[in-house]
Amino acid sequence: MAVEVRSQSAFATAQRRFDAAADVIGLSEDQRLLLREIKRELVVHFPVKLDNGRVRVFTGYRVHHNISRGPAKGGLRYQAGLNLDTVRALAMLMTWKCSVVSLPYGGAKGGVDVDPRALSTNELEHMTRRFATEIALLIGPERDIPAPDLGTDAQTMAWIMDTISMHSGHSVTASVTGKPVDVGGSEGRHEAAGRGVTYLTLEALKYLHIEDETPTVAVQGFGKVGSATARLLTEAGLRVVAVSDSKGAVHNPKGLDLEALEEHRQVRGGVSGFKKAEDIDNQDLLGLPVTVLVPAATENQITEANADRVRARLITEAANAALSPEADRLLNDRGVFLVPDILANSGGVIASYFEWVQDLQAFFWEEEEVNTKLHHIITRAFYDVLHTSVNKRVDMRTAAYVIAVQRVANATTVRGIYP
Ligand code: NAD
């Protein structure tokens, strides 16, 4: 029984993927022991007074996996059922993500076990400010820089930045990224994760010589990353034929009118019922005969149970850990090309890095400069991973991990073990 629980653990899956890369690299036993564990984890239980005068106690987390290469970096998510195991897995993923694209950061993740839609804006602000205070002992420009993730946004980051600043007595803009531009945010940051997904999808299509006249796309999850990806891929000439959210999916083989769909979503609170498309089942979206599938919702969406339904030739894994290791193997065996999560959604953290650099220098760039630098870094990383995949005869995910783990191992070796 204990073994079964372990095999379902998100962190155990992250460790399995690390182990696969460590085997390819031939990492020493000592380095494995160090890199496969979490450096530090903070769990907080804190009260918030609700609008009705009652008190509710929330549980939140902030975890640092490894900080050998620089300050800890990673998102904060508000998600019902969030637990320490998931946060550990996502923190480890952040270490590899920052490393594979050569950012001078370590990996962190955090969040609160809460459905943010169930709180009023007032309650959300109070919860965010109290949570920020609880984890403030870890946060700061040189130590740990949070960013938005599932269920959080630029407003959340503004509240956190303000809270950290109030405690410091001066504005500490570089303490979080993904802020509104008015308070030290970067041009281009809000859609950078989707822009990175777009650049990589286009690069992969080029590499695969996919000659479809107009490649078609299905996007699972129409949130910050999914909606930006859908729009940018459409602008690049691809045809987005289906998108979904947690409540349902819509499909139009001729292509979706994304502007009208966005208006519909804002009014109706979801994509379902959109007049210019047909409602389909969420699971059916994954099996559509499209060129590209972009899972941009949450983890474990494509598993052993449904991988055989996938008909896309390319998967750009925008959501963290959207594919299970078993799905990886099944799809790889069928020749489906994967751009793995740590590379696929790294556009978000790359632009966060740009935002942090701009805040520290108090010198801001135009959006074109942000996008050009993002394109350069992410395209270089794509070809690094591709060459490693070809040269070492490993799949794209293992190749991305090999590069990332090797860099962190090098940093650990050269720094040595304290004291
Ligand atoms: P978000 O909260 O803005 O959007 C998530 C979307 O997924 C929503 O539309 C939600 O309804 C939908 N969804 C949830 N469960 C679903 C399901 N089972 N089927 C279909 N749709 C479902 O979150 P986001 O910021 O867009 O993040 C999406 C993913 O991208 C997450 O894995 C996150 O960790 C990752 N990511 C985000 C960023 C960023 O900058 N926001 C950066 C890197 C990675």
Side-chain angles (χ1 to χ4, degrees), residues 10 73-82 86-87 89-91 93-94 96-98 100-101 103 107-111 114-117 146-157 176-179 185-186 188-197 200 218-231 242-250 261-262 265-266 268-272 280-286 293-303 306 316-323 339-355 374 378:
K73 189 88 189 80
L76 289 175
R77 59 170 59 177
Y78 291 168
Q79 187 181 34
L82 186 67
T86 302
V87 180
L90 293 168
L93 231 57
M94 282 307 299
W96 312 139
K97 190 182 302 180
C98 293
V100 78
V101 291
L103 301 182
K109 203 77 178 191
V114 61
D115 176 0
R117 293 165 304 184
D149 195 69
L150 279 175
T152 58
D153 58 16
Q155 176 61 75
T156 323
M157 296 305 117
V176 293
T177 58
K179 303 177 294 291
S186 174
R189 168 62 183 90
H190 72 286
E191 61 175 27
R195 190 171 286 278
V197 173
L200 292 167
V219 181
Q220 184 201 38
F222 200 55
K224 293 183 290 293
V225 180
S227 61
T229 300
R231 188 174 55 73
V243 301
S244 63
D245 58 28
S246 57
K247 295 184 207 139
V250 290
L261 181 60
E262 182 56 41
R265 186 181 71 94
Q266 280 182 10
R268 298 281 291 272
V271 296
S272 296
I280 58 167
D281 188 72
N282 256 342
Q283 283 296 316
D284 290 344
L285 175 137
L286 301 174
L293 177 61
V294 181
T298 182
E299 49 273 4
N300 266 326
Q301 292 303 304
I302 304 176
T303 65
N306 59 4
T316 312
E317 192 185 19
N320 288 313
L323 274 62
V339 182
D341 53 4
I342 60 170
L343 175 62
N345 65 35
S346 64
V349 75
I350 294 170
S352 273
Y353 166 62
F354 296 158
E355 179 175 334
L374 168 62
I378 212 162

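What you see below is based on every heavy atom in this structure, not just the backbone, and it leaves out hydrogens, waters and symmetry mates. Predicted, not measured: the structure shown is a model, and the values here were computed from it. When a ligand or atom number is given, it counts from 1 through the structure's own listing order.
If you check the side chains of T152 and R77, you find no donor sitting under 3.5 Å from an acceptor.
Taking any N or O of E299, backbone or side chain, none lies under 3.5 Å from an N or O belonging to ligand 1. Remark: ligand 1 and K97 share no N or O pair separated by less than 3.5 Å (distance only, no angle test). The distance criterion of under 3.5 Å between nitrogen or oxygen atoms is not met by A193 with respect to ligand 1. Every N/O-N/O distance between N345 and ligand 1 stays at or above 3.5 Å. By the 3.5 Å distance cut-off applied to N or O atoms, G348 is not counted among the residues near ligand 1. Residue contacts with ligand 1: N320 is placed with a nitrogen or oxygen under 3.5 Å of a nitrogen or oxygen of the ligand (distance criterion only). Taking only nitrogen or oxygen atoms, main chain and side chain alike, V225 reaches within less than 3.5 Å of ligand 1.
Note on ligand 1: K247 sits outside its first shell, no heavy atom being nearer than 4.0 Å. Proximity of Q301 to ligand 1 is established by a heavy-atom distance of less than 4.0 Å.
Listed by atom number, the atoms of ligand 1 under 4.0 Å from G151 heavy atoms are 2 (O).
With a 4.0 Å cut-off on non-hydrogen atoms, R189 touches ligand 1 through its side chain and not its backbone. At a heavy-atom cutoff of 4.0 Å, ligand 1 is contacted by no atom of A321, backbone or side chain.
Within the set A318, A228, S244, the minimum heavy-atom distance to atom 30 (O) of ligand 1 is found for A318. Nearest residue to atom 15 (N) of ligand 1 from V349, L90, T298, N300 is T298 (criterion: closest heavy atom). The heavy atom nearest to atom 6 (C) of ligand 1, considering only G347, G226, G223, S227, is found in G223.
Here the CG-CG distance, from D149 to L90, works out to 7.0 Å after rounding to the nearest 0.5 Å. Here E299 contributes atom CD and L323 contributes atom CG; the two are 12.5 Å apart, rounded to the nearest 0.5 Å.
In this structure, the protein non-hydrogen atom closest to atom 29 (C) of ligand 1 is A297 O, 3.5 Å. What sits closest to atom 11 (O) of ligand 1 on the protein, heavy atoms only, is S246 N, 2.9 Å. Looking only at protein heavy atoms, the nearest one to atom 33 (C) of ligand 1 is D149 OD1, 3.3 Å. From the protein, the heavy atom lying nearest to atom 1 (P) of ligand 1 is K224 NZ, 3.7 Å.
The two atoms that bring D341 and A319 nearest to each other are CB-O, 3.6 Å, heavy atoms only. In plain terms, the two heavy atoms of K179 and A154 that are nearest each other are C-CB, 4.1 Å. Closest heavy-atom contact between S346 and I378: OG-CD1, 3.4 Å.
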Run the numbers on K109 and T86 for side-chain hydrogen bond (donor to acceptor under 3.5 Å, both in side chains), then give the verdict. CA-CA 9 Å; K109 203 77 178 191; T86 302; over 6 Å; no

